[in-house]
Amino acid sequence: MSKRILVSVFLLAAVLLASCQPAAAPAAPAADTGPIKVAVLAPLSGPVPTFGVSTRDGALMAIEEWNAKGGVLGRKIEAVVEDSQCTPDPAVNAANKVIDQDKVHYIIGEVCSKASIPISEIAEAKGVVQISPTSTNPDVTLKADGSTKKYIFRACFIDPFQGLVMAKFAQGKGYKTAFIMFDQGNDYVRGLAEAFEKSWTEAGGTVVGKETYTSQDTDFSAILAKVAESKAEVLFLPDYYNIVNLVAAQAKEKGVTSVMMGGDGWDSPDLDAKASDGGFFSNHYSPEDTRAKVVDFVKAYSTKYGATPDALAALAYDATYLLLTAIEKAGSDDPAKVAEALAAIELEVVSGKVSFDKSHNPIKAAAVLQVKDGKVSFVESVAP
Amino acid sequence: MSVSSTTANRPSLYDLIIKRGWLGKGLLIVVGLLALWKIVVSLLANPTLFLQQVINGLQLGFVYALIALGYTMVYGIVRLINFAHGDVFMVGAFVSFYGIARFQLHNWLSNLAPNLPPILTQAVGTLSVMAVAMAICALLAFTIERIAYKPLRNAPRISALITAIGVSFFLEYFGALKFVFTPNFITYKRPFEITTWFVNTKGIGQLIQGDTIPEGSVIFSNIFIIIVIASVALLMALNYIVQKTRVGKAMRAVAYDKQTARLMGINTDWIISFTFMIGAALAGAAGMLYAVAFPQVFFWMGIIPGLKAFVAAVLGGIGSIPGAVIGALIMGQAEVLSAAYISTPMRDAIAFSILIIVLLIRPTGIFGEPSREKA
């Protein structure tokens, strides 16, 4: 309840402020010598703050590296960081702010699909290039009629792909029955769950139960009693780490023996490795990979921030590299030309060799990781 | 509500159905019966699973009961809905979290006397953490009462209510600051390992981690036992304080008539503070038990349990102590059973609908007395 009151107070304040503002002066032609501004929209507060911090740090490190090399097109790169809270309303406000006030032509962000989708509508309408590092919902780059948004790209694979990977992986391990738990109100979670169910049943597996919950829930006892009763071999829970921690801790108590599996939402230093021990999840990259790009990146990141980079940091870093490389290839600060250059790009980055398909989704392999003895370790790479 | 009509004015059928709202009530009763039917069918279909869900609901209900008592006691005495109560609950959870994770408070006895049996040292350690959480919450409530509510004692009731909402926001967003509790979801460290037992017609046994539950058994864990024992003990202690001690007598007197109680020489300000402190101590204990059962703490964790406990208090009849307990147990069952058998995303909607139904039929709640005229 109090959240709602707060939001209404903010909205009211926003309306008042907006009505007080004088009419905007016509935009001055952008100087060709000033810095190129890149907005980083990340959820620094809200439900998944660790995702936001990693994303910001990864993107800022890439920008710093480019600036050290002399910037792009001979101009410095300036980052504009905004907190978009993994929530539609603040994300829209942040996007409008960076486009209208800071006059950016490029956006790296958001992390969560439910925030990236509204941002993408604004960016597409205003002709601003957006690369979401980690939003996996198909609707981020697709319009309602199924055509591709010209200016919107992503640096990660999409939900159906993660669902497919995990279904393929679980059946490769000989599992036949699965129970699916998902948050109906979350585009990302629902997307993964639907894709998993589809691939799982198409490949001959049985879904013995399917239950939904809301993101406000903390008590999962009723669902978990059913999971235990169903004796499913796999419990597919493609939610973020906070829900995974809660469910995993209660699952042990309720006598659930299913192997838990999920998607890249599990990837966080705050994942409760003790409770989710034995679980598998798909991810974009593994810091244990031995490719030179990965080794260099992990080394630079851990020296700078004192922590091993997670996939969010890697993808934000990749997204920034893809963007800046495309600007260089386009040879101009014109978003339309940069978008064309991105669509045709082929670049080896940390998360693999990336090119874009016609829906602006990258084509690359996924890693399956396992939580084991308090650590997350690389299991295998699964190609589409 | 007084019926003053002395004339033999028999209401028409239209009046009965439309004006007195029997249409709405009838509809709600039909919906309620349908839900009940669904539950009975599920019970017959799989009695073991049903019993399991009842146990799950009981665990939730007892935690709600501890929170609901704080609402109902404060309301009973100063007619204030203390919306900051859910956030005191959050603070209790965080205090116990820091007590365990940072100060290792749950290990003090085993460090001091390593030869004692672990079950004893663990129990004492857990109780110590709970005692600290309760004490700090009581202190917090005392401060809140003196700073925010006491100056408004004679102000219109709505001012105090809005202040309570303000205090609630303050606690939440102060807690969200980086140097306080941080805005992150934090994994709670339980002060003991989980043990699970199963019960079936053949007897009772311990469930080994990783084994499937034997056919036809109901399982329960030590968390369930601790929540039930701790809640019942605290309820009995509260009952003793309210019914058998001088302070309790004074509390009842202040609740009944504040002015007269003051004339009789009762320090009403102190009694009111004391009531806030007892309610907050129970919320602190509830915060810890909730975090043990659902091991995650974050600065907004008090909102939803706080609201549900408030509903439980209203359901039982706000101001009534047994009412709060019964209301909370009903809420726990309603939530878990509707999640299990009707619709999981609808669990809150269903739980709150029960409140509406009960209030339509009995506006003062289950145990509530019709409001007396007060000076």
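These numbers were taken from a predicted model, which means no experiment stands behind them. First the proteins, then the strands, lettered A, B, ... as listed; each starts at 1.
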Is chain B contacted by the side chain of [X], its backbone, both, or neither, given a heavy-atom distance below 4.5 Å?
X: A/Lys231; value: side chain
X: A/Thr218; value: both
X: A/Glu253; value: both
X: A/Thr257; value: side chain
X: A/Asp217; value: side chain

Contact class of [X] relative to chain A, heavy atoms under 4.5 angstrom:
X: B/Ala293; answer: backbone
X: B/Ile219; answer: side chain
X: B/Gln53; answer: side chain
X: B/Tyr290; answer: side chain

**Item:** Stepwise side chain to side chain contact (heavy atoms under 4.5 Å, CB included) check, B/Phe185 with A/Asp270
**Value:** CA-CA 8 Å; B/Phe185 289 95; A/Asp270 284 348; over 6 Å; no
> Does the salt bridge (charged side-chain N to carboxylate O under 4.0 Å, His left out) test come out yes or no for A/Lys274 and B/Glu193, once each step is laid out?
Replying inline: CA-CA 12 Å; A/Lys274 195 172 152 226; B/Glu193 289 299 317; 3.5 Å; yes
Please determine, among [options], the option with the most heavy-atom pairs under 4.5 Å with chain A.
options: B/Pro295, B/Ser343, B/Ala340; result: B/Ala340
options: B/Asn46, B/Ile186, B/Thr48; result: B/Asn46
options: B/Ile55, B/Thr196, B/Thr195, B/Asn222; result: B/Thr196

_Is there a side-chain contact between A/Ser221 and B/Val336 in this structure, where contact means two heavy atoms from C-beta onward sitting under 4.5 Å apart?_
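Side-chain contact under 4.5 Å: yes.
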Open item on the list: Does either side chain, that of B/Thr187 or that of A/Asp272, offer a donor lying less than 3.5 Å from an acceptor on the other one?
Closed with: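 Judged by distance alone, the side chains do not pair up.
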Backbone of A/Ala225 reached by a side-chain donor or acceptor of B/Gln52 within 3.5 Å |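 No; zero donor-acceptor contacts below 3.5 Å.
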### Query
Of the non-hydrogen atoms in A/Pro49 and B/Pro183, which two are nearest, and what is the gap between them?
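Looking at all heavy atoms of both residues, the shortest contact is CG-O, 4.2 Å.
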